There are 2 protein chains.
Amino acid sequence: MLGRAAPRSRRQTRATVLENLLRTGGAFRSAIARETRLTEASVSRILAELRSENLVQETRHPAPYAGGPTSLVTLSNDVAVAGIELSNSRLSFGVGDLGGTLDYVDRMPASPQLDQDEFERLFRTSAAAMQAWTDKRGIAVRQVALSIPGYGREAGNPIYPWDVTRLRDFLGEALPGMPLALTNSVVAQAAFHRYSPSTSYPVAGNHLFLFVGHGVAGVIVNEAASIDAFSAFEIGHMVIERNGLLCRCGHRGCIEAYTSLRAISPIVGLDASEILNRGDSFIDVHGLDSDVRAALRERLVMLGLGLGNALNLHPLSSVVISGWPSLMPEDDRAAIIAGIDESLLGGFDERRLSLSFVAPSIGNDPRAALYYAAYCFVSGGGLDARADAHAALEEIA
Amino acid sequence: MLGRAAPRSRRQTRATVLENLLRTGGAFRSAIARETRLTEASVSRILAELRSENLVQETRHPAPYAGGPTSLVTLSNDVAVAGIELSNSRLSFGVGDLGGTLDYVDRMPASPQLDQDEFERLFRTSAAAMQAWTDKRGIAVRQVALSIPGYGREAGNPIYPWDVTRLRDFLGEALPGMPLALTNSVVAQAAFHRYSPSTSYPVAGNHLFLFVGHGVAGVIVNEAASIDAFSAFEIGHMVIERNGLLCRCGHRGCIEAYTSLRAISPIVGLDASEILNRGDSFIDVHGLDSDVRAALRERLVMLGLGLGNALNLHPLSSVVISGWPSLMPEDDRAAIIAGIDESLLGGFDERRLSLSFVAPSIGNDPRAALYYAAYCFVSGGGLDARADAHAALEEIA
DNA sequence: CGTTATATTTACACTGTGTAATTACTGTGC
DNA sequence: GCACAGTAATTACACAGTGTAAATATAACG
């Protein structure tokens, strides 16, 4: 009658343990065993294996009480990963360890209208510089992640309308021998918030991470899962007002057409290029007069309306919002709740839905991509990417 | 380099094999092995086990070619399951086998306004009759499924606003010793379409099954999965028109407020009670004059709009619609496509999204619940429900 | 320096599977 | 009717991954 859990492959188990270490930043074995639903014996075996591969370290620690745990397990900081972020204003490369320490950073200005040729030129130069740096130190980069705004949309990327096949081919060639993960910037942001020890993330448990910036994009963060913890959630182009404002996607009435930075720029009286220059923090909250705030509140109601609709389809008990809405005064942010109340079944109820805000992480690039790379590395079990074909088969099954 | 698939528990493997048999209606071992991604050796072992428990049968079959397969494996028709359906007009009980054969049917009229007390009285009587029938024949019902319209909504059931805890307690007592699954009617319908050999279901692969009747509800049918193949998809209360028509959920502008039977009743000129009497087939298509049809088309556009929104959040490449829209002429149904085109990113494209229609399954009650019971039975591996605690643990892990 | 309490490792057993050898079965040709 | 060919079905064996429980290590405390 006792529950023998569903068996896992070694790769999965390794991934679970490694992800736990990445998320907690280090733990004693008992905590690992508890959180990964493994026995201490299994943890012991897995850790012995990981240690022999130099993926984890154990730092001796005075026991807090008689017979207490003695060694704190942490991810090895010998493992190098790289993060690359393309944002609307620059292309940044970074190399660091699994703890999020950046040992190398290189940032280049990049136009929001970057075309694919220019991108390749820019990328190739920076990639070569990074590789020179790693080669000099004899560092082997185990995983690279590149995050791009708008990436992953089936109907093409509305921000950088590039050919994805060409992009992949180019990257494979420009970063030879390094396993590469391509992802949406929002996913990387979510990874940043989840794994960075510096951000005090307001929720535990599954939630929706919503970013409202040049686009409006979401990620469902599945806290329970160590693999496939992030799944993109295309909410920005939900039509909430039939025959409403024209959106860049060609439709009318999308959430993005009401709440993106571009959409609110006329309200705050800045033109699009100015906004792009200032980045996500373009709102000077204190300088807004009351009718501007009222107009922005109206837009936040729209956001809430769409959010409520989304939560009807995909129930989650907490939502974390980042981007310009998180810079607004609390009174104004309440407009989002009003919108949710109009669409979420049963209305907004703080006992059933927690809504919180985190500041957009400006100037941290390419930290988010670095964390995402770390996530990719650990969720592959820390095994060589050559075995990825193998892994892919497993995931499918 | 060869991919060893993620290991499965015996329960999972059994479930996979049994579900395959349920879906195909019987297969040769080679096909089972292929579709379940097991080796023939494993299939052999599992089938030996299942046969010893009388869950499967092998019927000898002349080999189609020299050395060809000789025994066709089918689910045993000794396994009894029961389906109970509450619809807006009646409560039906049925007992049958895993092949969908109904050996016992009992249907009682039930008011759409049935309150919980009346329901319990009605249910108890019918349950006793069913049990008398099974007892007389010495039949042990291995799984019961009860489907209720509107069931499973977090914010309570808008159709039968009952106390769910009380309902569960009551059912546990009224059906002693029988494992019970409670589900939404739409989920049962989806199971019916998936498993009934009589319905020619227009799609293969993951899809959304959408039913538009008294409510508007969807199910995501995950064809690849043998367990958790159905997940409810609450689409009816997506707000598509701010400050639009009042919905019974209290909000304004929900899809349901535009497209449910009750919502279109003024258009077709029938009052609500008349509609309830006629059931889902209330539309006499040939008798509709052109302005009524135009008005209904407008409602179908709304439905499509919401559907496109939903598909942005949850990409699927095919949708099957049942309910009154499937009774409309093809020209009118195209309005749904027009609506989708307004909201689905990239617009409607028949190469990326297939839309099809199936007639609502009227008068088949309680077949849908019976198939759902069969599904529940097999996805539990055909093991005694006593081991369910065990199973639950596994599922969580 | 032993005692105590707990952490960590290890030996062994058990489940679930795949591989490959073995056995069973069926139609064909003589 | 019977050997043969060709494939199906079973089985013996090996191996991965894990849990249980016994054995061993470690640190605080007296």
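Keep in mind the model is a prediction, meaning the values are calculated, not measured. When reading the values below, keep in mind they use all heavy atoms of this one structure, side chains included, and skip hydrogens, waters and symmetry mates. The sequence lines fix the lettering, A, B, ..., with proteins before strands; numbering per chain opens at 1.
Side chain of B/T101 to main chain of B/D97: no donor-acceptor pair is present (N/O by atom type, distance under 3.5 Å, no hydrogens or angles). Of the possible donor and acceptor atoms, none in the side chain of B/N222 sits under 3.5 Å from a partner among the backbone N and O of B/N206. Of the possible polar contacts, one joining the A/T24 side chain to the A/N20 backbone as a donor-acceptor pair under 3.5 Å is found. In this structure, the side chain of A/S42 does not engage the main chain of A/L38 through any donor-acceptor pair within 3.5 Å.
Comparing C/dA7, D/dA9, C/dT17 against the side chain of A/P69 picks out C/dA7 as the nearest. Considering only side-chain atoms of B/T39, the nucleotide from C/dT9, C/dG18, D/dT11 that sits closest is C/dG18. Among C/dG18, D/dT11, D/dA21, the nucleotide with an atom closest to any side-chain atom of B/A41 is D/dT11. Checking D/dT11, C/dG16, D/dT18 against every side-chain atom of B/T13, the shortest atom distance belongs to C/dG16. Ranking D/dT18, D/dA27, C/dC25 by closeness to the A/T70 side chain, first place goes to D/dA27.
Pairing each heavy atom of A/A80 with each of A/V95, the nearest pair is CB-CG1, 4.5 Å. Closest heavy-atom contact between A/V79 and A/N54: CG2-O, 4.0 Å. Annotation for A/V144 and A/A373: closest pair C-CB, 4.2 Å, computed over non-hydrogen atoms.
Because its NZ or CZ atom is both nearer than 6.0 Å to the ring centre of A/F230 and within 45° of the ring axis, A/R194 counts as a cation-pi partner of that residue.
Computed from coordinates, the A/E40 CD to D/dT20 C1' distance equals 13 Å when rounded to whole Å. Going from atom CZ of B/R29 over to atom C1' of D/dT10 covers 9 Å, rounded to whole Å. Between the P atom of D/dG17 and the CG atom of A/L38 lies a distance of 13 Å, rounded to the nearest Å. Atom pair B/L383:CG and C/dT15:C1' shows a separation of 14 Å (rounding to whole Å applied).
Ring pair B/H193/B/F209 is tilted by interplanar angle, where 30° to 60° counts as tilted.
Using a 4.0 Å cut-off, no side-chain N or O of A/R8 falls inside it from OP1 or OP2 of D/dA16. OP1 or OP2 of D/dA9 lies within a sub-4.0 Å distance of a side-chain N or O belonging to B/S71. A sub-4.0 Å separation between OP1 or OP2 of D/dT18 and a side-chain N or O of A/R10 is present.
Fit an axis to the five pairs at each end of the helix from C/dC1-D/dG30 to C/dC30-D/dG1 and the two axes sit 20° apart, to the nearest 10 degrees.
Within residues 42-60 of chain B, the residues having any heavy atom under 4.0 Å from DNA chain D are, by residue number, B/S44, B/R45, B/R51.
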